[in-house]
There are 2 protein chains.
Amino acid sequence: MVRMVDVAKQAGVSVKTVSRVLNNEPHVQEAMREKVRAAMDQLGYVPSASARSLRSHRSYTIMLLIHDIRSPFTNTVQFGALQACQELGYHLQLAMVGSETLEDRSKLERYFEKTLRAGKPDGLVLVPPMANHPVVADVMPSLGIATIRIGPNDVPDTDETATVTIDDTLASREMTKHLLSLGHRRIAFLRGKEDQDATQRRFEGYAQALSDAGVARDPSIILPGTFNFESGLASGEKLLAMKEPPTAVFAANDDMAAGVIMAAHRLGVDVPSQLSVAGFDDSEIAERTWPTITTIRQPLEEIGMAAIESLVAAAGGSAQPLRSKTLPFELLIRNSTAPVK
Amino acid sequence: MVRMVDVAKQAGVSVKTVSRVLNNEPHVQEAMREKVRAAMDQLGYVPSASARSLRSHRSYTIMLLIHDIRSPFTNTVQFGALQACQELGYHLQLAMVGSETLEDRSKLERYFEKTLRAGKPDGLVLVPPMANHPVVADVMPSLGIATIRIGPNDVPDTDETATVTIDDTLASREMTKHLLSLGHRRIAFLRGKEDQDATQRRFEGYAQALSDAGVARDPSIILPGTFNFESGLASGEKLLAMKEPPTAVFAANDDMAAGVIMAAHRLGVDVPSQLSVAGFDDSEIAERTWPTITTIRQPLEEIGMAAIESLVAAAGGSAQPLRSKTLPFELLIRNSTAPVK
DNA sequence: ATGAAAGCGCTAACAC
DNA sequence: GTGTTAGCGCTTTCAT
């Protein structure tokens, strides 16, 4: 194994200088820097991560904390995060919190204590439903780890936490306006999980757009949901069985929208001629159903990348505080929405 | 921060004894062991990962090497792997190899050198298409890292590598037999990517079943593919435009099967009454299309868990060699296959 | 601007 | 069965 001393010998300098070059510290002449870099390359030097972090208390590792790893949302964020990590020379480590742990405050505390102290990540990325879970929010500050939350819109920044999101309310309003512009007046709304900020935000956008258009809200076609396919299926069946069914359904995410489409298939209702369906997120499934789903694209890959970039910037000695970012969304009109008949 | 000395002091023993307890080494009296454990709990001791790995050359980290992170296949394996890691006290780290890197031997070598030397994982999990990529297979042995490949059927074990899979050929034969039993004789087959072992294996099962049933193979309805939705869509459109279209399509994975179903929708062909469609993998999409897809369930979560368990067992001092495993599959008959008319 | 020395927290090697 | 000591490879501190 090639050690720092070997590089130092090869370059004819002291270890400390090599260390300075490795860490991009100032106070090294450019010529020296070059010589050291050449020696590193020549010897194929790879610094020992454990030695570095033992001494410096930095791990060059970001931890992505997930709840349901199999969600395409999380998966895409992860993809972006991983790309950014590789570019910046950081490791991406995964950790998962199960439902029971999430419910139980003391369990969660113990879990964090163990996982975070052991891994000592330089930063933490939280995705929904972790991102604005009340118990998580309670426990986090005591850990003293820079954290980016993905998703929530209304959590204030602190020195140690910030958020990366889109403007859910605005996006939802635009989608609702799209449906209104097609002539729909009886538009159902499927809520998501209530412990996720997005549910309320998206509902607000829907409510605002209706109110702007002077359309009264009908509570009987605003249904609870869980963000998953089955919940959309059940709500779809319920709505279509009504005496006066809605002409459009806006689901708070694509999985539920796909469920509504499935319900329509089952009941022989044609989408979009008899029922328009809109989703949110632009998950993979939105392009794989028949018809394909009109939705809001969240730049999830970019969100993942932005999260890592913020954390790494804050971790690097410069000690700039974390900054929240709001990224742009896009209304994607596909085949599941059409003018009302 | 609580250190090992603090625990030792509290328990009234030497550091080495604490270390022995931490690592479950023998030669410690049960009473001492208990005392030490109590002290650890009481002080909230969390061992320093970096110090341990600096000294012991073990990182308690498994690396999952992925190519296309957004595939549901990989995602589910990852889910199982993460569960197993948490149970066994290991960290799961992610690394990604892009397409260009995978094509270029020297790039790949440099990538591995850098990634693996830096992270020093105790084990490596490869998923398709990494798992039996020729260049990867060439480069791996020189790295001296215990590796589990997920997917390939025909790679011999070595001391350092083993595989965890299902019997693709057998599974594919059973699916083909299912279609034959429904009266289909003109069964198309959609191949996957040719650099993946599964493509050939699954084709062989199809070929065997046809041959067992005395049905001649028609090369004009055996089409190449890439395992993705678009490729299934294109093949589906091509098959349905034939003068004598097949009565059934067996796609080498679910994404392609979903594409075929989409093609049928577009062309107004009813599935399954006019065309039966079968997939492979039991991806999430297989239950979200209309109709739902008859497929082969691979126990991907269990596969991910088994991979980690093997690696951890081999990493733990016992130094037992890696062992390959073949897990059971299951034929899931859903709504996309029906008797031929 | 550069270097020498101390020591991060742990385990390997060896003593008892 | 248990303890002592050295040192893993690096960065920090302090000196020059």
Side-chain angles (χ1 to χ4, degrees), chain A residues 1-37 39-40 43-61 89 91 114 116-120 122 315-317 319, chain B residues 1-37 39-40 43-61 89 91 117-120 122 315-317 319:
Chain A
M1 152 168 261
V2 181
R3 282 153 14 260
M4 206 173 241
V5 248
D6 305 318
V7 177
K9 218 166 277 174
Q10 173 87 7
V13 297
S14 78
V15 244
K16 180 60 222 185
T17 304
V18 179
S19 170
R20 285 202 173 94
V21 173
L22 184 64
N23 294 292
N24 292 313
E25 283 170 30
H27 307 306
V28 181
Q29 283 185 341
E30 208 41 55
M32 285 240 130
R33 218 178 267 279
E34 280 315 311
K35 235 194 319 190
V36 172
R37 290 228 171 88
M40 284 178 170
L43 298 175
Y45 171 69
V46 182
S48 155
S50 34
R52 291 183 91 184
S53 63
L54 173 59
R55 194 65 243 236
S56 66
H57 301 287
R58 291 183 56 190
S59 61
Y60 304 90
T61 295
H91 301 293
K114 221 183 113 183
L116 298 179
R117 288 262 184 287
K120 283 210 193 74
D122 292 343
Chain B
M1 154 168 258
V2 181
R3 284 156 9 264
M4 205 173 246
V5 249
D6 305 317
V7 176
K9 218 165 276 174
Q10 173 87 7
V13 298
S14 78
V15 252
K16 182 61 221 184
T17 304
V18 178
S19 170
R20 286 201 173 96
V21 173
L22 183 63
N23 295 291
N24 291 313
E25 282 171 31
H27 308 306
V28 182
Q29 282 184 341
E30 208 40 54
M32 285 242 127
R33 219 178 267 278
E34 280 316 311
K35 236 193 321 190
V36 172
R37 290 226 172 88
M40 285 177 170
L43 298 174
Y45 171 69
V46 182
S48 154
S50 35
R52 292 182 89 184
S53 64
L54 174 59
R55 191 65 244 235
S56 66
H57 300 288
R58 291 183 57 189
S59 60
Y60 303 90
T61 296
H91 301 294
R117 287 263 184 288
K120 284 211 191 73
D122 292 343

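Just the heavy atoms: all of them, side chains too, but no hydrogens, waters or symmetry mates, feed the values below. A, B, ... follow the sequence lines: proteins, then strands. Residue 1 opens every chain.
Side chains of H91(A) and S59(A) form no contact here, defined as non-hydrogen atoms less than 4.5 Å apart. Counting heavy atoms from C-beta outward, M40(B) and L22(B) have side chains that approach closer than 4.5 Å.
The NZ atom of K120(B) lies 8.0 Å from the CG atom of L54(B); values are rounded to the nearest 0.5 Å. Note: S50(B) OG to R58(A) CZ = 13.5 Å, rounded to the nearest 0.5 Å.
Listed here is the closest heavy atom pair of P47(B) and R52(B): CB-CD, 4.0 Å. Pairing each heavy atom of D122(B) with each of Y60(B), the nearest pair is OD2-N, 2.8 Å.
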Taking only distance into account, with no hydrogens and no angle test, what donor-acceptor pairs under 3.5 Å do side-chain atoms of residues 5-18 of chain B form with protein atoms, sequence neighbours excluded?
from, atom 1, to, atom 2, distance (Å)
D6(B), OD2, R3(B), N, 2.6
D6(B), OD2, R3(B), NH1, 3.4
Q10(B), NE2, Q42(B), OE1, 3.2
S14(B), OG, K16(B), N, 3.4
S14(B), OG, T17(B), N, 3.4
S14(B), OG, T17(B), OG1, 3.3

note = Scoring nucleotides 7-16 of chain C by protein non-hydrogen atoms under 4.0 Å (B base, S sugar-phosphate only, - none) yields BBBBBBB---
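Annotation: proximity of residues 27-36 of chain A to DNA chain C (heavy atom, distance under 4.0 Å) is found for H27(A), V28(A), Q29(A), M32(A), numbered in ascending order.
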